[in-house]
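Proteins get letters first, then strands, A, B, ... in listed order; numbering begins at 1 in each. Below, each value reflects all heavy atoms present in this structure, side chains not excepted, and no hydrogens, waters or symmetry copies.
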Amino acid sequence: MSFFDRVYKVARQIPTGRVTSYGAIAKAVGSPQSARMVGWAMNASPEDVPAHRVVNRNGLLSGKSHFGDSNAMQNLLEAEGVIVKNNQVQDFEKLFWKPEILS
DNA sequence: TGAGTGACTGTAA
DNA sequence: CTTACAGCCACTC
């Protein structure tokens, strides 16, 4: 199983209406210092991976520009009940979902 | 085989 | 409080 596969496995576990950070996923897959790789994995993520629920540690939609439309990521989040304003998730601390560590 | 790159993060000024 | 900088690891050319 590759690094990417593990990232996808964790990302798919993010509940609807919740968000997490790249660093949190990196930690969950066993490479806490590979947050950048997580982002890269998201760049190549399959459709069944909710990449829009993954933001940076400030709750900022750093990856929105990688979606087709500049509003796509925000629209997806808002459709799930996540309030996004100025490219930033509101109540990020409340909505933050901590992924479980992969064994 | 080696250098470049990136949807990040934590620490320092 | 905001801005800067360096480390990080897996992947591509």
Side-chain angles (χ1 to χ4, degrees):
Chain A
M1 173 170 274
S2 69
F3 179 85
F4 276 38
D5 291 325
R6 282 184 288 182
V7 171
Y8 299 152
K9 192 171 183 178
V10 173
R12 274 192 283 258
Q13 294 176 19
I14 305 174
T16 303
R18 303 294 297 280
V19 296
T20 191
S21 72
Y22 299 93
I25 294 177
K27 185 177 182 182
V29 300
S31 298
Q33 297 153 333
S34 299
R36 312 187 74 162
M37 294 301 2
V38 176
W40 194 9
M42 290 296 99
N43 184 37
S45 63
E47 293 183 3
D48 63 330
V49 176
H52 58 280
R53 297 180 191 150
V54 184
V55 298
N56 70 5
R57 84 175 200 82
N58 295 309
L60 199 65
L61 304 190
S62 49
K64 65 169 283 188
S65 57
H66 286 259
F67 283 75
D69 300 322
S70 56
N71 293 338
M73 189 173 186
Q74 178 171 335
N75 288 338
L76 285 169
L77 287 170
E78 291 183 335
E80 296 180 353
V82 178
I83 302 173
V84 179
K85 191 171 184 179
N86 196 14
N87 291 346
Q88 188 172 318
V89 176
Q90 305 298 293
D91 296 323
F92 178 62
E93 295 183 3
K94 286 185 184 177
L95 297 174
F96 184 82
W97 175 81
K98 184 179 181 180
E100 298 178 12
I101 308 297
L102 250 54
S103 58

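- Base engagement by Tyr22(A) is indicated by at least one non-hydrogen atom pair under 4.0 Å involving a base atom.
- Residue Met42(A) is not grouped with residue Leu77(A) when hydrophobic side chains (ILVMFWY) are merged at heavy-atom distances under 4.5 angstrom, including chains of intermediate members.
- Asn43(A) CG to Met37(A) CE: the interatomic distance, rounded to the nearest 0.5 Å, is 10.0 Å.
- Nucleic acid contact class of Ser65(A) (heavy atoms, under 4.0 Å, all strands): none.
- No side-chain heavy atom of Gln90(A) sits less than 4.5 Å from a side-chain heavy atom of Leu95(A).
- Hydrophobic clustering (ILVMFWY, side-chain heavy atoms < 4.5 Å, transitive): Leu102(A) and Val38(A) are in one cluster.
- For DNA chain B, the residues of residues 24-63 of chain A within the heavy-atom distance limit of 4.0 Å (strictly under) are Ala35(A), Arg36(A), Met37(A), Gly39(A), Met42(A), Asn43(A), Ala51(A), Asn56(A), Arg57(A), Ser62(A), Gly63(A), sorted by number.
- Leu60(A) CG to Ser21(A) OG: the interatomic distance, rounded to the nearest 0.5 Å, is 12.5 Å.
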>> Would Arg53(A) and Arg18(A) count as a side-chain contact (heavy atoms from CB on, under 4.5 Å) here? Give the steps.
In response: CA-CA 7 Å; Arg53(A) 297 180 191 150; Arg18(A) 303 294 297 280; over 6 Å; no

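- Boundaries of the chain A contact region on DNA chain B are dG6(B) to dG10(B), first to last in 5' to 3' order (nucleotide atom under 4.0 Å from a heavy atom).
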Would you tabulate the pairs of protein nitrogen or oxygen atoms and nucleotide nitrogen or oxygen atoms of nucleotides 1-4 of chain C closer than 3.5 angstrom?
none

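- Arg6(A) has its CZ atom 14 Å from the C1' atom of dC11(C), to the nearest Å.
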>> side-chain contact (heavy atoms from CB on, under 4.5 Å), that's the test. Do Met73(A) and Val55(A) meet it? Break it down for me.
In response: CA-CA 10 Å; Met73(A) 189 173 186; Val55(A) 298; 4.2 Å; yes

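- Hydrophobic clustering keeps Trp97(A) apart from Val89(A) (ILVMFWY residues linked when any side-chain heavy atoms are closer than 4.5 Å, directly or through intermediates).
- Under the 3.5 Å distance criterion, the side-chain polar atoms of Tyr8(A) are matched with a main-chain donor or acceptor of Ala41(A).
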